[in-house]
Enquirer: 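The following block contains the structure, expressed as structure tokens.
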Amino acid sequence: MTARIDIVEVGPRDGLQNDAANLSVAQKVEFIHRLDAAGVRRMETGSFVSPRAVPKMADSAEVFRNINKDEGRSRIALALNEKGVRRAIDAGADEINFVLVAGEGFGQRNQGMSPQETADMLALCAPLAHDANIALSATISVAFGDPYDGEVDPAIVANLAAQAQRAGAAEIALGDTIGVATPWQVRDVFERVRIEAPDVYLRAHFHDTRGSALGNVYAAIEAGVNIIDASCGGIGGCPFAPAATGNVATEDVVFMLERAGFDTGIDLDRMIDTAKWLETVLGHPVSSSLVRAGRFP
Ligand code: COA
Ligand code: ZN
């Protein structure tokens, strides 16, 4: 039996929120449908935050309105506060991914909240998602390091995870927003989180800012995580993290995992083709290795 690793494609949200390019709604919708055709089942499709804070996501409701709603696919909306959760529900999201922060400095700049305030906000908003029958997950951002405050105590991450579990999040992702995690740290923090939030699915979200992302994916899987965030082409980053760069590239993750015998359900050739198409609409090259080197000869 082949072990399954589920990929959550984050290109249309994390990817596009920080890219210099301004895609039209039609181009975003085409991107999403190309990703569907490449086998993606779960996708961060947009975010419902202040349009002044993140102008590139201001059209998310329109994007949600224009995409195919297939059974068996989950269109994920990012939200950070009550207004965002309400907008995501109205837009027809299948799932809300709520963002907690593990660092004070990043939390204040990204969403004007302390770590505890983000956990309290999730507790306040979770019933809205539950009442609307929408899946609820949470990402703990800067879980491996804060761009303003430095090292993050794993005890804080584990405590936030416990609170998210209590609020009813079914899945918790640990986010390396600024790409500073190492594989050994990934193992330790996930082990710690699993002890304090034993009843949730765990997901990993890595940026490749400093070259460790694929190693971190390996470490997360070794630690028992079987859901990985990745973005087509390796685009992405957070506008509130200095020098942020892209997520680990979906095609690079899929290549590594399938060569190791895992099943991801992603069609690698179609994903590479989508990354090449993306270069044409973004107007610049993407960073993934597979786009340059191609698959196993
Ligand atoms: N969607 C749209 N607008 C929103 C909103 C939402 N979810 N939440 C707040 N706003 C609007 C308010 O209506 C208000 O508008 P007004 O000035 O026209 O009256 C304004 O934003 C300020 O509202 P306030 O509640 O005081 O929020 P804030 O200024 O403390 O900002 C956030 C909080 C979370 C809305 C803001 O920091 C934000 O959107 N950050 C985005 C971070 C992000 O997406 N990072 C990348 C992904 S992690
Ligand atoms: Zn990210």
Side-chain angles (χ1 to χ4, degrees), residues 7-19 43-62 64 76-91 93 96-115 117-118 120-122 124-125 128-129 137-148 160 173-181 203-210 212-213 216-217 220 228-250 253 287:
I7 304 287
V8 176
E9 169 63 46
V10 301
R13 197 284 302 174
D14 201 329
L16 294 181
Q17 76 175 7
N18 199 42
D19 200 278
M43 191 189 312
E44 276 194 350
T45 306
S47 74
F48 294 90
V49 299
S50 157
R52 244 175 312 165
V54 187
K56 311 263 175 180
M57 292 290 113
D59 56 8
S60 283
E62 215 181 321
F64 269 87
I76 305 171
L78 202 82
L80 295 71
N81 61 11
E82 184 178 339
K83 183 165 183 178
V85 170
R86 290 189 187 281
R87 289 178 60 215
I89 293 169
D90 290 346
I96 289 171
N97 189 49
F98 201 89
V99 180
L100 306 180
V101 296
E104 178 78 30
F106 179 78
Q108 292 300 343
R109 285 166 184 85
N110 188 61
Q111 61 216 74
M113 296 178 210
S114 68
E117 283 170 333
T118 64
D120 293 342
M121 187 61 89
L122 171 59
L124 179 84
C125 294
L128 299 173
S137 56
T139 294
I140 302 176
S141 58
V142 299
F144 302 94
D146 179 302
Y148 304 102
L160 290 170
L174 301 188
D176 185 18
T177 312
I178 58 169
V180 289
R203 172 162 55 90
H205 179 101
F206 298 121
H207 285 261
D208 201 29
T209 318
R210 292 171 178 82
S212 311
N216 292 336
V217 170
I228 304 290
D229 284 358
S231 76
C232 177
I235 60 170
C238 178
F240 302 95
T245 57
N247 295 85
V248 67
T250 310
V253 174
S287 62

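All residue numbers refer to positions in the sequence shown, counting from 1. Order of listing sets the numbers, starting from 1, for every ligand and every atom in it.
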Enquirer: Give the residue, atom name and distance (to 0.1 Å) of the protein heavy atom nearest atom 33 (C) of ligand 1.
Expert: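 Residue, atom and distance for the closest contact: Q111 O, 3.8 Å.
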
Enquirer: To the nearest 0.5 Å, tell me how far D146 CG sits from I178 CD1.
Expert: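 The CG atom of D146 sits 6.5 Å away from the CD1 atom of I178.
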
Enquirer: Number the atoms of ligand 1 from 1 as they appear, then name those within less than 4.0 Å of a heavy atom of L78, with their elements.
Expert: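 By the 4.0 Å cutoff, the relevant atoms are 47 (C).
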
Enquirer: Do any heavy atoms of P51 fall under 4.0 Å from ligand 1?
Expert: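 The answer is yes: ligand 1 sits under 4.0 Å from a heavy atom of P51.
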
Enquirer: Please confirm whether F48 comes within less than 3.5 Å of ligand 1 when only nitrogen or oxygen atoms on both sides are compared.
Expert: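 For ligand 1, there is an N or O atom that lies under 3.5 Å from one belonging to F48.
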
Enquirer: Nearest heavy-atom pair of P115 and E104: which atoms, and what distance?
Expert: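 That would be CD-OE1, 3.4 Å.
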
Enquirer: Please list, in number order, the atoms of ligand 1 under 4.0 Å from a heavy atom of Q17.
Expert: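 Reading through ligand 1 atom by atom, the close ones are 46 (C), 47 (C).
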
Enquirer: Please state whether the rings of Y148 and F106 are parallel, tilted or perpendicular, taking 30° and 60° as the class boundaries.
Expert: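 Correct class here is parallel.
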
Enquirer: Quick check: does G112 get an N/O under 3.5 Å from an N/O on ligand 1?
Expert: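 G112 vs ligand 1: no N/O contact under 3.5 Å.
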
Enquirer: State the atoms of ligand 1, each with its element, that fall below the 4.0 Å cut-off from a heavy-atom position in G84.
Expert: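 Within the 4.0 Å cut-off of G84, ligand 1 contributes 7 (N).
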
Enquirer: Could you tell me whether atom 15 (O) of ligand 1 has at least one protein heavy atom nearer than 4.0 Å?
Expert: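 Protein heavy atoms within 4.0 Å of atom 15 (O) of ligand 1 - there is at least one.
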
Enquirer: Can you see which heavy atom on A213 is nearest to which on H207, and at what distance?
Expert: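 Here A213 and H207 meet closest at CB-O, 3.8 Å.
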
Enquirer: Which option, N81, V49, D14, owns the non-hydrogen atom nearest atom 8 (N) of ligand 1?
Expert: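 Of the listed residues, N81 has the closest heavy atom.
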
Enquirer: Closer than 4.0 Å to some heavy atom of A53 - which atoms of ligand 1 meet that?
Expert: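 In order of number, 38 (C), 39 (O), 40 (N), 41 (C).
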
Enquirer: Would you give the length of the straight line joining atom CD of E9 to atom OG1 of T250, rounded to the nearest 0.5 angstrom?
Expert: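 Interatomic distance, E9 CD to T250 OG1, rounded to 0.5 Å: 3.5 Å.
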
Enquirer: Looking at atom 27 (O) of ligand 1, tell me if a protein heavy atom falls under 4.0 Å from it.
Expert: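 Within 4.0 Å of atom 27 (O) of ligand 1, no protein heavy atoms are found.
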
Enquirer: Ignoring hydrogens, tell whether any protein atom lies closer than 4.0 Å to atom 22 (C) of ligand 1; use the non-hydrogen atoms only.
Expert: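 Protein heavy atom within 4.0 Å of atom 22 (C) of ligand 1: absent.
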
Enquirer: From atom 19 (O) of ligand 1, is the closest protein heavy-atom distance below 4.0 Å?
Expert: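 Protein heavy atom within 4.0 Å of atom 19 (O) of ligand 1: absent.
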
Enquirer: Heavy atoms of the protein only: does one fall short of 4.0 Å from atom 1 (N) of ligand 1?
Expert: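 So atom 1 (N) of ligand 1 has protein heavy-atom neighbours under 4.0 Å.
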
Enquirer: Please state which option from K83, M121, R86 has its nearest heavy atom closest to atom 4 (C) of ligand 1.
Expert: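 Among K83, M121, R86, the closest heavy atom to atom 4 (C) of ligand 1 belongs to K83.
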
Enquirer: With a heavy-atom distance limit of 4.0 Å, tell me whether S50 approaches ligand 1 through its side chain, its backbone, both, or neither.
Expert: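 Answer for S50: both.
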
Enquirer: Atom 44 (O) of ligand 1: which of V54, T139, N97 has the nearest heavy atom?
Expert: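 Shortest heavy-atom distance from atom 44 (O) of ligand 1: V54.
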
Enquirer: With a 3.5 Å distance limit and no angle check, can you tell me whether N97 reaches the backbone of E44 through a side-chain donor-acceptor pair?
Expert: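 Pair absent, no side-chain N/O of N97 close to backbone of E44.
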
Enquirer: Please find the pair of heavy atoms, one from G84 and one from A79, that lie closest to each other, and give the distance.
Expert: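 Looks like C-CB, 3.7 Å.
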
Enquirer: Only to 10 degrees, please: what angle do the NE2 atom of H205 and the NE2 atom of H207 make about the Zn ion (ligand 2)?
Expert: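 NE2 of H207 and NE2 of H205 make an angle of 100° at the Zn ion (ligand 2), to the nearest 10°.
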
Enquirer: Let me confirm one number: the CG-CE distance from L78 to M57, rounded to the nearest 0.5 Å.
Expert: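 That separation rounds to 9.5 Å.
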
Enquirer: Out of R13, R52, R87, indicate the one that has the non-hydrogen atom closest to atom 47 (C) of ligand 1.
Expert: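 Residue with the shortest heavy-atom distance to the ligand atom: R13.
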
Enquirer: Looking at atom 31 (O) of ligand 1, tell me if a protein heavy atom falls under 4.0 Å from it.
Expert: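 So atom 31 (O) of ligand 1 lacks protein heavy-atom neighbours under 4.0 Å.
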
Enquirer: Within the stated cut-off of 2.8 Å, is an N/O/S atom of C238 closer than that to the Zn ion (ligand 2)?
Expert: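 Looking at C238, which is the residue asked about, there is no N, O or S atom under 2.8 Å from the Zn ion (ligand 2).
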
Enquirer: Would you name the heavy atoms of I96 and V85 that are closest together and state the gap between them?
Expert: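 Result for this residue pair: CD1-CG1, 3.7 Å.
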
Enquirer: Need the atom name: nearest N/O/S atom of D14 to the Zn ion (ligand 2).
Expert: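 In D14, the heteroatom (N, O or S) nearest the Zn ion (ligand 2) is OD2.
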
Enquirer: How many angstroms lie between atom SG of C125 and atom CG of L80, to the nearest 0.5 angstrom?
Expert: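 Going from the SG atom of C125 to the CG atom of L80 covers 9.5 Å.
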
Enquirer: Heavy atoms, side chains only, cut-off 4.5 Å: are K56 and D19 in contact?
Expert: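 In short, these two side chains do not touch, never coming nearer than 4.5 Å.
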
Enquirer: Where is the tightest heavy-atom contact between L160 and A102, given as atom of each residue plus distance?
Expert: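 Heavy atoms only, the tightest pair is CD1-CA, 3.8 Å.
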
Enquirer: Can you tell me how far apart CG (D208) and CG (D176) are? Round to the nearest 0.5 Å.
Expert: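 Interatomic distance, D208 CG to D176 CG, rounded to 0.5 Å: 10.0 Å.
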
Enquirer: Hey, is the main chain of V142 close enough, under 3.5 Å, to the side chain of T177 for a donor-acceptor pair?
Expert: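 Side chain of T177 to backbone of V142, a donor-acceptor pair under 3.5 Å: yes, one is there.
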
Enquirer: Are any of the heavy atoms in T177 under 4.0 Å away from ligand 1?
Expert: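 It does not; every heavy atom stays at 4.0 Å or beyond.
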
Enquirer: Is the closest side-chain heavy-atom distance between F98 and M121 below 4.5 Å?
Expert: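 They are in contact (side-chain heavy atoms under 4.5 Å apart), so the answer is yes.
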
Enquirer: Heavy atom under 4.0 Å from ligand 1: found in F240's side chain, backbone, both, or neither?
Expert: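 The part of F240 near ligand 1 is the side chain, not the backbone.
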
Enquirer: Hey, looking at atom 40 (N) of ligand 1, which of N110, V85, L80 has the closest heavy atom?
Expert: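 Result: the heavy atom closest to atom 40 (N) of ligand 1 is in N110.
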
